[in-house]
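Numbering of ligands and ligand atoms starts at 1, following listing order. The model shown is predicted, which means the values in this text are computed figures rather than measured ones.
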Amino acid sequence: MATDERFHQISAATTPRFADVATFMRTRRHDIMDEIDIGLMGVPFDLGANFRTGARQGPAGVREASRLIRRVHPTSGIKPFDICNVADLGDSPINPLDLMDSIEKIQNFFEQVHDAGIRPIAIGGDHTIPLPILRAIARDNPVGILHFDAHPDTLDELCGTKINHATFLRRAHEEGLLRPENVVQVGLRGSRFSDHDVQYGIDVGFTLITMDEYEEMGRAKAIETIHDTLGDAPVYISLDIDGLDPVHAPGTGVPEIGGLIPRDMQVILRSLQGRDIVGADISEIAPCFDPTGITCVTGANLMFEILCVMADSVVSAG
Ligand SMILES: [Mn+2]
């Protein structure tokens, strides 16, 4: 597929990677348009976080860190910017003082993205954001989900509210946006509010791989379970950065010790090549808790892993 030069990554040969205004992976900033295959965007929203806020600065932090990303995937050889049209679509509108208004604005933005035939990779924002994204892209075509997280995100409510960063997956299931038999959660751990935190997912048929189980089965077997679960469903990837051990991703609102290492996430994401990846978010990156910047660097690299397998999907879809 020949791609349009308006969507090429800005060349490091002519503009040093540390120069100029930051965009995701030095892609060019464009408004929503039909020619774009994959849109990279921020959702700078964190009114759904009930412990430590700061994920509203995730998009700015990841844009800055993603300057270092080059053109070619080291293992698969995929060159995402050569095989499809990728652009930075800027940030979704939000209202920093109103959660429900923000949810509506985010859904509206992703409906425009979806209507233009663009597959989104969103950088949050707290982990409320997959709900409005899924409402926009999965209403007519429910999806399977690969969900990396320390937490199940299937609570019914938190502090008396139904829409927040601990409930997105439950709401999405209630609204018919998922294929529950094709939903797999990886990395669950940490102390719980009650015995029932993970029960909802089990009851509705999600596959859960807790950190204890992951360690017991090993990475290869976990990948097998993930693929068995995803079946033939279109896949949405929801990656909560707190699925990683806080040693590797300290910049997050609700850190839990004993988590995944970045290498495991890379290998799992690479294994998705050949699947139909219809959308993704990477959420809960809060740069303010990480003076080293490694959380944003990790987020940028995981975004590139997702971009490569998604670009491969775009080409396969013709
Ligand atoms: Mn989460």
Report yes or no: do Thr23 and Asp88 form a side-chain donor-acceptor pair below 3.5 Å? no

Which atom name does His127 have for its N/O/S atom nearest to the Mn ion (ligand 1)? ND1

Here the N/O/S atom of Asp240 closest to the Mn ion (ligand 1) would be OD2

Would you confirm whether Glu181, through its side chain, and Gly205, through its main-chain N or O, come within 3.5 Å as a donor-acceptor pair? no

Establish, yes or no, whether the cationic atom of Arg52 lies under 6.0 Å from the six-membered ring centre of Phe289 and within 45° of the ring axis. yes

NZ or CZ of Arg63 within 45° of Phe24 ring axis and under 6.0 Å: yes

So that I can check it, does any N, O or S atom in Asp242 come closer than 2.8 Å to the Mn ion (ligand 1)? no

Vertex the Mn ion (ligand 1), rays to OD2 in Asp153 and OD2 in Asp149 - rounded to 10°: 80°

